[in-house]
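Predicted model only: the values in this text are computed from it and were never measured. The sequence lines fix the lettering, A, B, ..., with proteins before strands; numbering per chain opens at 1.
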2 protein chains.
Amino acid sequence: MNDEQQVLEESRERFIAQWGALGTQWGINRTMAQIHALLMTAVDPLSTDEVMEALQISRGNAHTNLKELVAWGLLRIVVRKGERREYFEAEKDVWKIFRIVARERKRREIEPALDVLHQCAAESEGMKSAPGREYHRQIRELEEFVHFASQVADKIGLLQHGTAVKLAAKLVG
Amino acid sequence: MNDEQQVLEESRERFIAQWGALGTQWGINRTMAQIHALLMTAVDPLSTDEVMEALQISRGNAHTNLKELVAWGLLRIVVRKGERREYFEAEKDVWKIFRIVARERKRREIEPALDVLHQCAAESEGMKSAPGREYHRQIRELEEFVHFASQVADKIGLLQHGTAVKLAAKLVG
DNA sequence: GCGAAATTTCAGAAATAAATGAAATAGATG
DNA sequence: CATCTATTTCATTTATTTCTGAAATTTCGC
């Protein structure tokens, strides 16, 4: 049993380390991903100091990333009665996590792209020259597609877990 | 008409610059995104030297990113008869672009995550202690979800443009 | 209000990613 | 096979991002 605890600790540490490394690929920083991994697999909420201790990072780093995760909605702040300091607890429901990440990605990746495309489409509207018309056509196609993708993302974000699973199951066959 | 050409050039330059800046958000580097924007809106294929000139970048940088885009499948190499040097031409079909980007993201973001989750799930299989069982349950849920998402991405990647649009249209309502 | 404990901020340091430019290699031409 | 041109590689430089640690600020019990 003591042995099991040992294996668990090691597995969890590897999970945190690797999830952190993955974070880099997803465009979020390593520490943020590590904190998320730490708290998703934590039994109880942790304080800033406990996070600092567990990941061996500075206060400023821990603080900034904890607050960023709270801003995303991936962590909640918990206050224990009679205690002054804040504790942090992770959202553990995978469908909720997915929706949050999807929403954030849409905001950071899709919406700014739409703005650019929209502006360029407007600027080249009604051009007469062949290169001008070709440019406008290409931008418009991109714009339409991204706009459409954006709407799809919105709708998926509104679905209940069950509904989404059924829909996806039909697709996967 | 000369005026139109002026406006076109400026719009295109802004598009390239902003698409490049967006690239940073998508986890690809600025130059790669700029080259992609440049060639998506180019009438004819361009050579390495023309890309260097248009974006004011070094040969090494142009070369590396052109080849990376070719590896993704977003650019094709074109050889003109009687010409020694290579020209590059962009895939302009938005649905094809989408499928390529989705495939690449799956490979870089989903698959490594699945590996990590799979390993951690196996390591904690059959644990007896309460924390061990809880850890296993959480990892398993993540694993299942990511695996499912991976399958969905595969299926979508196989759809024809028309089919995908119909499906998505039903969803958007 | 005062002091202790926590949170927040931020300038500078460290780490990481990307770009340069020149040298090495490969490929064609006569 | 000698040469000219294009491609590729890579050590170094530059730019960007992230982290640290200490100072400033806030918060709360007394």
Side-chain angles (χ1 to χ4, degrees), chain A residues 16-39 45-72 75-89 108-109, chain B residues 16-39 45-72 75-89 104 108-109 112:
Chain A
I16 291 167
Q18 297 195 97
W19 204 251
L22 282 174
T24 305
Q25 312 281 36
W26 328 81
I28 67 171
N29 72 53
R30 175 167 39 249
T31 303
M32 192 167 152
Q34 281 182 339
I35 293 177
H36 187 224
L38 175 71
L39 283 165
L46 301 183
S47 68
T48 302
D49 287 80
E50 287 167 332
V51 170
M52 287 165 63
E53 167 63 21
L55 303 179
Q56 292 292 299
I57 57 175
S58 73
R59 182 172 304 284
N61 192 14
H63 174 79
T64 305
N65 287 292
L66 281 165
K67 284 303 157 97
E68 185 68 8
L69 283 161
V70 170
W72 279 48
L75 300 185
R76 278 179 295 275
I77 295 172
V78 175
V79 259
R80 291 176 171 164
K81 52 191 168 194
E83 276 235 53
R84 183 124 155 239
R85 87 181 84 193
E86 297 179 329
Y87 288 80
F88 300 88
E89 152 183 278
R108 302 201 305 166
E109 301 183 0
Chain B
I16 291 166
Q18 297 195 98
W19 204 251
L22 282 174
T24 305
Q25 312 282 32
W26 330 82
I28 67 172
N29 73 52
R30 181 175 23 257
T31 302
M32 192 167 150
Q34 282 182 340
I35 294 178
H36 187 224
L38 174 71
L39 284 165
L46 300 182
S47 67
T48 302
D49 287 78
E50 287 166 334
V51 170
M52 286 165 63
E53 167 63 22
L55 303 179
Q56 292 291 298
I57 57 175
S58 71
R59 183 173 303 284
N61 193 11
H63 174 79
T64 306
N65 286 292
L66 280 165
K67 285 302 158 96
E68 184 70 6
L69 283 161
V70 170
W72 279 47
L75 300 185
R76 277 179 295 276
I77 295 173
V78 175
V79 260
R80 290 176 171 165
K81 52 191 166 191
E83 277 237 53
R84 185 123 154 236
R85 86 181 86 192
E86 296 180 328
Y87 287 80
F88 300 87
E89 151 184 279
E104 200 63 24
R108 302 200 306 166
E109 301 183 359

When the distance from [atom1] of [X] to [atom2] of [N] is rounded to whole Å, what number comes out?
X     : N      : atom1 : atom2 : result
A:L46 : C:dT7  : CG    : P     : 13 Å
A:E68 : C:dT9  : CD    : C1'   : 15 Å
A:E53 : D:dT20 : CD    : P     : 14 Å
A:K67 : C:dC10 : NZ    : P     : 15 Å
A:E83 : D:dC28 : CD    : C1'   : 14 Å
B:E50 : D:dA6  : CD    : P     : 12 Å
B:I57 : D:dA15 : CD1   : C1'   : 16 Å
A:F88 : C:dA6  : CZ    : P     : 13 Å

(message) Would you compute the distance between atom CD1 of A:I35 and atom CG of A:L75 and round it to the nearest 0.5 angstrom?
(response)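 Interatomic distance, A:I35 CD1 to A:L75 CG, rounded to 0.5 Å: 7.5 Å.
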(message) Distance check, rounded to the nearest 0.5 Å: B:Q25 atom CD versus B:R30 atom CZ?
(response)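 It is 11.5 Å, given to the nearest 0.5 Å.
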(message) Assuming nearest nucleotide by heavy-atom distance, tell me which of A:T24 and A:E86 is located more 5' along DNA chain C.
(response)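 Looking at DNA chain C, the more 5' nearest nucleotide goes with A:E86.
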(request) Confirm from the modelled atom types if A:R84 and D:dG29 form a donor-acceptor pair under 3.5 Å, side chain to base only. (result)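 No, no donor-acceptor pair under 3.5 Å.
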(request) For A:R59 and for A:I28, locate the closest nucleotide of DNA chain D by heavy-atom distance; then report the residue assigned to the nucleotide nearer the 5' terminus. (result)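 Comparing both residues, the 5'-ward one is A:I28.
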(request) Check step by step if salt bridge (Lys or Arg N to Asp or Glu O under 4.0 Å) holds for B:E50 and B:R85. (result) CA-CA 11 Å; B:E50 287 166 334; B:R85 86 181 86 192; over 6 Å; no
Are OP1 or OP2 of [N] and a side-chain N or O of [X] less than 4.0 angstrom apart?
X     : N      : result
B:R30 : D:dT16 : yes
A:H63 : C:dT8  : yes
B:R85 : D:dA6  : yes
B:T31 : C:dA19 : yes
A:N29 : D:dT17 : no

(request) Compare every heavy atom of B:R108 with every heavy atom of B:G27, then report the nearest pair and how far apart it is. (result)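 For B:G27 and B:R108, the tightest heavy-atom pair comes out as O-NH2, 3.5 Å.
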Starting the side chain at C-beta, find the nucleotide from [options] nearest to [X].
X     : options               : answer
A:S58 : D:dA6, D:dT20, D:dT9  : D:dT20
A:N65 : C:dT7, D:dC19, C:dT20 : D:dC19
B:N61 : D:dA6, C:dA19, C:dT8  : C:dA19

(message) Can you confirm whether A:S47 sits close enough to A:Y87 that some side-chain heavy atom of one is under 4.5 Å from a side-chain heavy atom of the other?
(response)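 Side chain of A:S47 against side chain of A:Y87, heavy atoms only: contact under 4.5 Å found.
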